[in-house]
Amino acid sequence: MINYPEMEKKWQKVWEDLKVYEADPDNRPALLVTAALPYVNMPQHIGHLRTYSTADLLARYMRAKGFNVLYPMAFHKTGTPILAIAKRITSRDEDLIKELKMYDVDDESISKMVDPLYIADYFATVMERGMRRAGYGIDWRRKFDTIQPMFSKLVEWQFFKLKEKRLLSQGTHPVGWCTNENNAVGQHDTKGDVQPEIDEETVIKFKDVDSDIYFACATLRPETIYGVTNIFVDPKARYVIANIEGERYYLSKNAASTLSYQKKISVESELIGDELLKKRALNPITGDALPVLPGFFVKDETGTGVVMSVPAHAPFDYAALERLKVERYSMPELNYKKVIEVKPGSEAKSGEEINREIPALGYLELLNADPNAPDDVLERATKALYKEESHRGIMIEGPYKGAREPEARKKIKLDMLREGKAFSIYALSNESPIYCRCGQKVIVKTIENQWFINYGDEAWKEKTRKLVGNMKFYPGKLKEDFGMLVDWIDLRATERAQGLGTRFPFNPDHIIESLSDSTMYMTFYTFDYILFANSVKPEQLKPAFFDYLFDYTNDIGKVSGDTGISEEAIKKCKESIDYWYTNTDRHSAPDLIPNHLTMYLFIHTALLPERFLPKQIVVNGFVNSEGVKMSKSFGNIVPLLQGAERYGADPLRFIEVTGADLDTDTNFSVEALNGVYSRNEFLYNTVMSLGGMQSGELKHIDYWLYSVLNRKIREVTALLDEMSLRNAYTGIYYNSVSELQWYLERGGNNALVMHDFLERIVLMLSIIMPHFSEELWHMLGKSTLVVKEQWPKVDDDMINPVEEESENVIRNTIYDVRQGMELSSKIDANRGRKVKEVKIIVAEPWKAEAYNILAEKKDIGAVMGDPAMGKIDKERLSKFLSQFAKRINALSRLNAISDEALMNGFADSKEFMEKKIGSGVKLEKEAESKSARAARALPNKPSIEIVWE
RNA sequence: GCAGGGAUGGCGGAGCUUGGUCAAACGUGCAAGGCUUAGGACCUUGUGCCUUAGGGCUGCGGGAGUUCAAAUCUCCCUCCCUGCACCA
């Protein structure tokens, strides 16, 4: 049995001692392969192997194809997650400690993890060990991390340049906010890890008829302004008169306090909702004077506590008014005006007759409800109605009459904002309130003077779009995806108050946001080790240095003078980046597509010269475990280091990378591993057995194996060039094992042939199972390293379709005979009898010719009249051809085997066939056969006669 | 809500871009036999239904259509997954 850990460590030591993965510029074409650098807040598990293994495979493949390949690695320490770990350790979070122990982190190390930097270093070390254990061909001399002062200099340069190019902007920005901790609140800061969802709402100003104070009505549906009949307030709630940015408003006291995080608000006086009921308010669009009424559903915590009532379109509003009518509340006659019409044929799915004049009532009827229905039923009706109207609603009022509802909503809102009839606020749109981990309710705050990277810049988008057009993507459909993302991406906040990372140059209290700082770090690999080797200090990496690297200046003397770095070192850095960065390949999992990878493209087009722009992106799917997602909540996580010891790095890499197509999730399962173990065992034993075998003259089956091999190399190389890894390895691995087994079963025993075959297979296997392949390579008597070998070449002369086809004919014939024997043994007449012999009758040669003519011309008459068929009996020819008539269009040419060759093939394999069939075999030619079934012989499909005793 | 992707044999998953050679690659599971007595085994055969000779029928989420021909093209429906910004 193969001991993977032992074997793998043995070859890792050899590779390391010989520095086989250290790459420096030479005269070969260059390729820089990078995979998204890992974030160091937890060690990797076996699922993380996929991206790095895919990159490693491509690196090895391209190296074998003659490229000088560099595959470096670094560690991502920027951001808040590491701080979060430290915080949770400080508070002795049991779940976290349990998780860490699962990764074999000892108590002493855990106790030190109150220090974020310790955490970062610890996990970076563990991760490096994991990647070394996996056997990746990484040049570790170039390792760095993203909070290293040296690296920060590159990030700073990036931001100086972005500002220079006016791609940074400042503005306000809404965030979830905890008023207790005075902090922005993201998903991981909330109870239950709820993502705060922020919606923009419109506050429409309804002027009090008798004063200059406005009722501030918050709404998501400003387009219904044409159907407003009244204002609702909660008579028992506390309201205020407040000055919001220069104008006075009625709104709930609660709302005033919440909105003070978004607007400048000063409260002038307080009142009870009841006092508002006597007032009347002016609709800013229609000018109607509207009554203010008590609404049972109005909550002073929601929105502004003041609601505009649209009874035709809002079930709550409708219900509230109907209830007031029942109570005989004193109010004027109200006109329930419909302002949106839904295209017919959609709403009442049950076919019931519902009220279409008052949609709010209609939707209540749909739910068999009335105005006294409980709130949740009204809520359901509201949602259904809102959905229907957004989908199929057409405006029938106002200047946007005829427009689709969502469009009208947008335009009416913009109009009112522009005319000062409304303003916007932000609110959380989550179903239920969100709470910070500290217990405080989360609200929305707008941050002033927030810095953004302006990915919305049209000229920038255009450049990036062009880049996407020029790049290669695997899988190919990514090109379209990125095209769309380039259009979609807009302002992106780029600084934050907390976290590890590089200080934001234009606001040193803040840190550069952690996705923004890792958009061009791949350039750093090309020259960092030169800086390390020359003891360059971070403060020497002034902008001039990077200006020189990235072609903004070519005055090396001045750069050297400015920075104090020797001209020689600078020149070396420049040569290195010029060599490596002109041909790059980037790998990641799909989660980085809409963020990191998109930003990566943008920053490159903004700052780097044409020849340094990205060339290729490869994205691979995730890894499941036994069919379900790997996650700590499922308890199915296997840490990488444990996994490599238990399963072997090679088999793990193999099933993760080749087990599924690139863009789909792959599955980790013990069954799949077992399949690899047994096949590897077979290959291993087969190589072992070669020593005891002879090499004689080549037989039919030897030519067959050579043909299969060379065709395989050709096909598989094409598949790899397309990153079709699953299909490629079905050919290289699974099929090769079956072919070897077939070869042996057919009596193949030529050591030389098998050696040739295995040697090529091992070469092709070495890019995914390098350790195992290295082992086999040496067992095959090689003294070189397989990981430094070239990709096998195709010997076209050895590809012999006829040889392969004839093998297929033999295989199919055996199958047909067996099936025929089984079926005919059920005939009463054959009960209890044995098969005496099986006649195999090979078709006359003209049949293949006729068949191929038919396949080409698709016309029986044309074959009949073809001069090549001149000597054939017309009746036999027409009988033969007519059997293909019904599928004539589906016929395609076959590799005709001469009847001589076929007869020889059958003669060669007579013994084998007799063994497989379990009875004697007699070969006949159609023309010479006396069998009644002889005429049934088809090209490449002999007729069979089973002769019973 | 917006955007994107998906629905195929017991299971995972090909094939659908370029309709036919597809009862459906490859893997895995299951069953019988061999081997052998136990090693994650290995080998053979079978694994939609029917079938007295290599054949037929039904089938690729549901429904309709285009076509000589559809898992593959068009339309509608149902269900599922992923992302949506300060979060790496």
Side-chain angles (χ1 to χ4, degrees), chain A residues 1 36 39 41 76 78-82 173-176 184-189 195 197-199 220 383 386-387 390-391 406 429 447 450 452 476-477 480-481 484-485 488-497 499 513-516 518 590-596 622 624 626-627 647 655 658-661 663-667 669-678 681-682 726-727 729-731 733-735 738 741 745 812-813 815-831 855 886-892 894 916 933 936 938 941-946:
Chain A
M1 251 202 289
Y39 194 80
N41 64 337
H76 201 194
T78 323
T80 50
I82 292 176
H173 183 59
V175 293
V185 181
Q187 180 166 351
H188 55 262
D189 304 313
Q195 172 71 43
E197 284 165 34
I198 298 171
D199 247 9
L220 287 166
K383 278 191 178 152
Y386 191 6
K387 185 175 174 181
S390 300
H391 255 114
S429 64
I447 309 265
Q450 166 79 39
F452 300 92
K477 66 181 162 89
E480 238 173 277
D481 295 349
M484 256 180 300
L485 283 164
W488 259 226
I489 193 170
D490 201 2
L491 292 177
R492 167 113 202 171
T494 192
E495 41 144 355
R496 17 176 340 161
E513 184 269 330
S514 67
L515 282 171
S516 305
S518 50
D591 51 342
L592 300 185
I593 293 172
N595 42 69
H596 163 74
F622 294 114
N624 290 332
E626 307 287 353
Y647 304 116
I655 62 163
T658 70
D661 284 331
D663 55 337
T664 58
D665 292 352
T666 190
N667 192 34
S669 74
V670 174
E671 286 78 34
L673 279 172
N674 287 341
V676 173
Y677 294 146
S678 61
E681 212 73 40
F682 169 79
R726 181 193 175 96
N727 289 335
Y729 278 89
T730 297
Y733 189 64
Y734 294 105
N735 292 350
S738 340
Q741 284 168 345
E745 205 185 343
N812 293 339
T813 304
Y815 178 86
D816 290 345
V817 169
R818 295 174 78 117
Q819 194 165 4
M821 283 167 69
E822 195 185 321
L823 288 172
S824 58
S825 69
K826 292 178 187 161
I827 305 175
D828 284 345
N830 292 334
R831 283 272 153 73
K886 64 180 170 180
R887 54 190 183 96
I888 192 163
N889 288 315
L891 300 181
S892 59
L894 43 79
K916 296 294 261 187
R933 294 180 59 85
R936 297 176 60 117
L938 301 178
K941 196 169 174 64
S943 174
I944 296 158
E945 181 177 352
I946 298 161

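For the numbers below, each heavy atom of this structure counts, side chains included, while hydrogens, waters and symmetry mates do not. Just so we're on the same page: letters track the sequence lines, and every chain starts at 1.
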Next on the checklist: Mind checking if A:Val676 touches a base, just sugar-phosphate, or nothing, with heavy atoms under 4.0 Å?
Outcome noted: nothing

Checklist entry - Touch check for A:Ser516, heavy atoms < 4.0 angstrom, all strands: base, sugar-phosphate only, or nothing? => result nothing

Item to check | Along RNA chain B (nearest heavy atom to each residue), the more 5'-positioned of A:Ile489 and A:Thr664 | outcome: A:Thr664

Checklist entry - For A:Arg726 and A:Thr664, what are the C-alpha separation, side-chain angles and deciding distance, and is it a side chain to side chain contact (heavy atoms under 4.5 Å, CB included)? => result CA-CA 11 Å; A:Arg726 181 193 175 96; A:Thr664 58; over 6 Å; no

Checklist entry - Which nucleotide sits closest to the side chain of A:Arg933: B:rG12, B:rG83, B:rG54? => result B:rG54

Checklist entry - What is the nucleic acid contact for A:Glu681, judged by heavy atoms within less than 4.0 Å: base, sugar-phosphate only, or nothing? => result base

Checklist entry - What is the nucleic acid contact for A:Met821, judged by heavy atoms within less than 4.0 Å: base, sugar-phosphate only, or nothing? => result nothing

Checklist entry - What does B:rU78 pair with, Watson-Crick or G-U, if both distances are under 3.5 Å? => result B:rA7

Item to check | A:Gly659 backbone acceptor or donor facing A:Tyr729 side chain under 3.5 Å | outcome: no

Item to check | Separation of the C1' atoms in B:rC26 and B:rG15, to the nearest angstrom | outcome: 12 Å

Checklist entry - Considering only the C1' atoms, how many Å lie between B:rA14 and B:rC84, rounded to the nearest integer? => result 32 Å

Next on the checklist: Base, sugar-phosphate or nothing for A:His596? Non-hydrogen atoms, less than 4.0 Å.
Outcome noted: nothing

Item to check | Of A:Gly820 and A:Glu671, the one whose closest RNA chain B nucleotide lies more 5' | outcome: A:Glu671

Checklist entry - What nucleic acid atoms does A:Asp481 come within less than 4.0 Å of, heavy atoms only: base, sugar-phosphate, or nothing? => result nothing

Checklist entry - Can you tell me how far C1' in B:rG9 sits from the matching atom in B:rG29, rounded to whole Å? => result 12 Å

Item to check | Which atom of A:Val175 lies closest to which atom of A:Ala184, heavy atoms considered | outcome: CG2-CB, 4.3 Å

Item to check | Rounded distance in Å between the P positions of B:rG10 and B:rG65 | outcome: 28 Å

Checklist entry - Given the P atoms of B:rA38 and B:rA24, what is the spacing between them in whole Å? => result 40 Å

Checklist entry - Does OP1 or OP2 of B:rC42 have a side-chain N or O of A:Ser678 closer than 4.0 Å? => result yes

Item to check | Chi-based syn or anti call at B:rG12, which uses purine or pyrimidine torsion atoms and a 90° bound | outcome: anti

Checklist entry - Across the strands shown, which category fits A:Tyr815 at heavy-atom distances under 4.0 angstrom: base, sugar-phosphate, nothing? => result sugar-phosphate

Checklist entry - How would you label the contact of A:Ile447 with the nucleic acid (heavy atoms, under 4.0 Å): base, sugar-phosphate, or nothing? => result nothing

Item to check | Side-chain heavy atoms of A:Asp490 within contact of A:Phe452, under 4.5 Å | outcome: no

